[in-house]
Trainee: 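Structure incoming, see below.
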Number of protein chains: 2
Amino acid sequence: MKMSDGVEWAIHCVMLLGALPPSATLSGKALAEFHGIPESYLLKHLKMLVTNGILESVPGPRGGYRLARQTKDITLLDIVQAVDGKRPAFRCTEIRRRGPCALGDGAYPRCCGVNRAMMRAEQAYRDALAEATMKDITDEFMANADPRIVPLGENWLEENTRTPKS
Amino acid sequence: MKMSDGVEWAIHCVMLLGALPPSATLSGKALAEFHGIPESYLLKHLKMLVTNGILESVPGPRGGYRLARQTKDITLLDIVQAVDGKRPAFRCTEIRRRGPCALGDGAYPRCCGVNRAMMRAEQAYRDALAEATMKDITDEFMANADPRIVPLGENWLEENTRTPKS
DNA sequence: ATTATCGTGGATATAATTTATCCACGATAT
DNA sequence: ATATCGTGGATAAATTATATCCACGATAAT
């Protein structure tokens, strides 16, 4: 069971976009370069973040991506579900209805108990992800980062930040 | 993110083996037939359950598989980790160390905060799985199953159960 | 107006992983 | 001796993840 690498990319992109002034943007190209990841594939994931209301996109020159809401209102769960989808990892195939001892569909009014137990565990996972806001993660990152990184990042942002009219 | 179908197969196999008398076995073929799943692939997963000390295997005629310990001492976590492995779903690729603003390895003494948050969520998931014993799941299944299934299952078990010498 | 920049969406290729099958082998009970 | 059963390795097929490319519409600068 492996989560898409795009989730990690998306989280770090949201972190970086959270450092921008209001309404400013970063282009997909800039986001890819900053993180050293393939641009053409990252765009797919950024699009999913736009579709799910986590990012806004601005077309045209000086356009790019920016946060659609504050980092305190974006959780890891939001990003994971936007990029990796909302389908459960465990997919019940109704094994109990197969084989020589199975009965007709009417004999299984309740959801399979195995499935219910797995769903409970996945809910605990989602609850924990929903507890982690991007603001908390970003703050923790800034508090513990090597001091040399701050001016580097500020300098880079200054060169790459776009400010569209709208 | 999808979990291997083998996990569901393995759980139901453990459930069925839990209904056997002590030291009795079911062959891989019988387990596959009962659940209507491919035998040759199921054997791979059964082997993992043996390797991880959840099942015991008995070779030779009248051989097969049986539980290595009681269902109350087997949790969903045991089976999930045996079949699907113990590697985390989220694998940090250290994105922070890439790109134009990255520093040398010495600048990152602590584990990435994103990774730590994801690990916390996965730990909550594992905790929930460890709470679910196969005894609980089996008991719940028997209590809620259609009454017609019980004699069917008992009959099938009687025909397919093997009792090896050791 | 014209042009260059940028995100969107679809089509498509490549790589990795999952799923599935097969066969030779050793162990064991009849 | 022989038939049954699990083990382990090799291999193939199917599915999913990863990655690239291009035509298109929108926008800002000139």
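Remember, it's a predicted structure, so these values are computed and weren't measured experimentally. To find a chain, count down the sequence lines: A is the first, B the second, and so on, and within it residues start at 1.
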Trainee: Both B:Trp9 and B:Arg91 contact DNA chain C. Which one's nearest nucleotide lies toward the 5' end?
Mentor: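 That would be B:Arg91.
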Trainee: Does the side chain of A:Gln123 come under 3.5 Å of the side chain of A:Arg126 through a donor N or O and an acceptor N or O?
Mentor: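 Yes, side-chain donor-acceptor contact under 3.5 Å.
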Trainee: Using only side-chain N and O atoms of B:Ser57, determine if any of them is under 4.0 Å from OP1 or OP2 of D:dT7.
Mentor: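 Yes, within the criterion.
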Trainee: Salt bridge check, A:Lys29 against A:Glu39: does any charged N sit closer than 4.0 Å to a carboxylate O?
Mentor: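 A salt bridge is absent here (no side-chain N lies under 4.0 Å from a carboxylate O).
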Trainee: Taking the minimum atom-to-atom distance to the side chain of B:Arg62, which one of D:dT4, C:dA29, D:dA19 wins?
Mentor: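 Nearest to the side chain of B:Arg62 among the choices is C:dA29.
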Trainee: Taking B:Glu131 first and then A:Arg120, would you say they form a salt bridge - that is, a charged N and a carboxylate O separated by under 4.0 Å?
Mentor: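 Judged by the 4.0 Å cut-off on N to carboxylate O distance, B:Glu131 and A:Arg120 do not form a salt bridge.
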Trainee: Quick one: B:Tyr41 OH to D:dT11 C1', roughly how many Å, whole number?
Mentor: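 Interatomic distance, OH of B:Tyr41 to C1' of D:dT11: 14 Å.
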Trainee: Quick one: does A:Arg96's side chain have a donor or acceptor within less than 3.5 Å of a partner on B:His12's backbone?
Mentor: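 A pair under 3.5 Å: no.
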Trainee: How would you label the contact of A:Gly64 with the nucleic acid (heavy atoms, under 4.0 Å): base, sugar-phosphate, or nothing?
Mentor: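 Sugar-phosphate contact only.
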Trainee: Where the side chain of A:Pro38 is defined as all heavy atoms beyond and including C-beta, which of C:dG9, D:dT20, D:dG6 is the nearest nucleotide?
Mentor: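 The closest nucleotide is D:dT20.
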Trainee: DNA chain C: A:Thr51 or B:Leu42, which has the more 5' nearest nucleotide?
Mentor: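 Taking each residue's closest nucleotide, the earlier one in sequence belongs to A:Thr51.
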Trainee: Are any side-chain N or O atoms of A:Glu122 and backbone N or O atoms of A:Phe90, one a donor and one an acceptor, separated by less than 3.5 Å?
Mentor: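 The answer is yes, because a donor-acceptor pair under 3.5 Å joins these two groups.
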Trainee: C:dT5 phosphate, OP1 or OP2: any side-chain N/O from A:Ser27 under 4.0 angstrom?
Mentor: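 Checking C:dT5 against A:Ser27, no side-chain N or O comes under 4.0 Å of OP1 or OP2.
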Trainee: What's the CG-P distance between A:Leu17 and C:dG7, to the nearest Å?
Mentor: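 Rounded to whole Å, this separation is 11 Å.
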Trainee: Figure out the NZ/P separation between B:Lys47 and C:dT19, and round it to whole Å.
Mentor: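 That distance rounds to 16 Å.
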Trainee: Can you tell me how far C1' of D:dG6 sits from CD of B:Glu39, to the nearest Å?
Mentor: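 So the two atoms are 10 Å apart, to the nearest Å.
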Trainee: Can you figure out which of D:dC5, C:dT21, C:dT19 approaches the side chain of B:Lys2 most closely?
Mentor: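 My answer, after comparing the listed nucleotides, is C:dT19.
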Trainee: Start with the C-alpha distance between A:Met134 and A:Ile79, add both sets of side-chain angles, then the distance that settles side chain to side chain contact (heavy atoms under 4.5 Å, CB included), and finish with yes or no.
Mentor: CA-CA 10 Å; A:Met134 285 309 297; A:Ile79 300 176; 3.9 Å; yes
Trainee: Just do the side chain to side chain contact (heavy atoms under 4.5 Å, CB included) check on B:Thr75 and B:Val80 with the steps written out, would you?
Mentor: CA-CA 9 Å; B:Thr75 71; B:Val80 166; over 6 Å; no
Trainee: Rounded to the nearest Å, what distance is computed from the CD atom of residue B:Glu8 to the P atom of nucleotide C:dT18?
Mentor: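 After rounding, the gap between these two atoms is 17 Å.
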Trainee: Would you please test B:Arg98 and A:His35 for side chain to side chain contact (heavy atoms under 4.5 Å, CB included) and show each step?
Mentor: CA-CA 6 Å; B:Arg98 301 213 287 267; A:His35 296 108; over 6 Å; no
Trainee: Reckon A:Ser40 touches a base, only the sugar-phosphate, or nothing at all at heavy-atom distances under 4.0 Å?
Mentor: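 Answer is base: heavy atoms of A:Ser40 come under 4.0 Å of a base.
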Trainee: Rounded to whole Å, how long is the line connecting atom CG of B:Leu43 with atom P of C:dC25?
Mentor: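 These atoms are roughly 19 Å apart.
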Trainee: Take the protein atom CE of B:Met3 and the nucleotide atom P of C:dT18, then report the distance between them rounded to whole Å.
Mentor: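 Going from B:Met3 (CE) to C:dT18 (P), I get 12 Å.
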Trainee: Can you see if the side chain of A:Arg162 gets near the phosphate of C:dC6 - specifically, an N or O under 4.0 Å from OP1 or OP2?
Mentor: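 Yes.
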Trainee: Quick one: which of D:dG25, C:dA20, D:dG6 gets closest to the side chain of B:Pro59?
Mentor: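 So the nucleotide nearest the side chain must be D:dG6.
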Trainee: Heavy atoms only, 4.0 Å cut-off, all strands: where does B:Lys44 land among base, sugar-phosphate and nothing?
Mentor: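 Result for B:Lys44 = base.
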Trainee: Side chain of A:Pro61 only, please: which of C:dG7, C:dT5, D:dT4 is the nearest?
Mentor: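 That would be C:dT5.
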Trainee: Would you mind telling me which residue lines up with the more 5' stretch of DNA chain D, A:His45 or A:Gly60, judged by nearest nucleotide?
Mentor: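 On the 5' side of the pair lies A:His45.
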Trainee: Please report the distance, rounded to the nearest Å, between CG in B:Asp5 and C1' in D:dA14.
Mentor: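 Result: 13 Å.
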Trainee: Using a cut-off of under 3.5 Å, enumerate the N/O to N/O pairs linking the protein to nucleotides 12-15 of chain C.
Mentor:
none

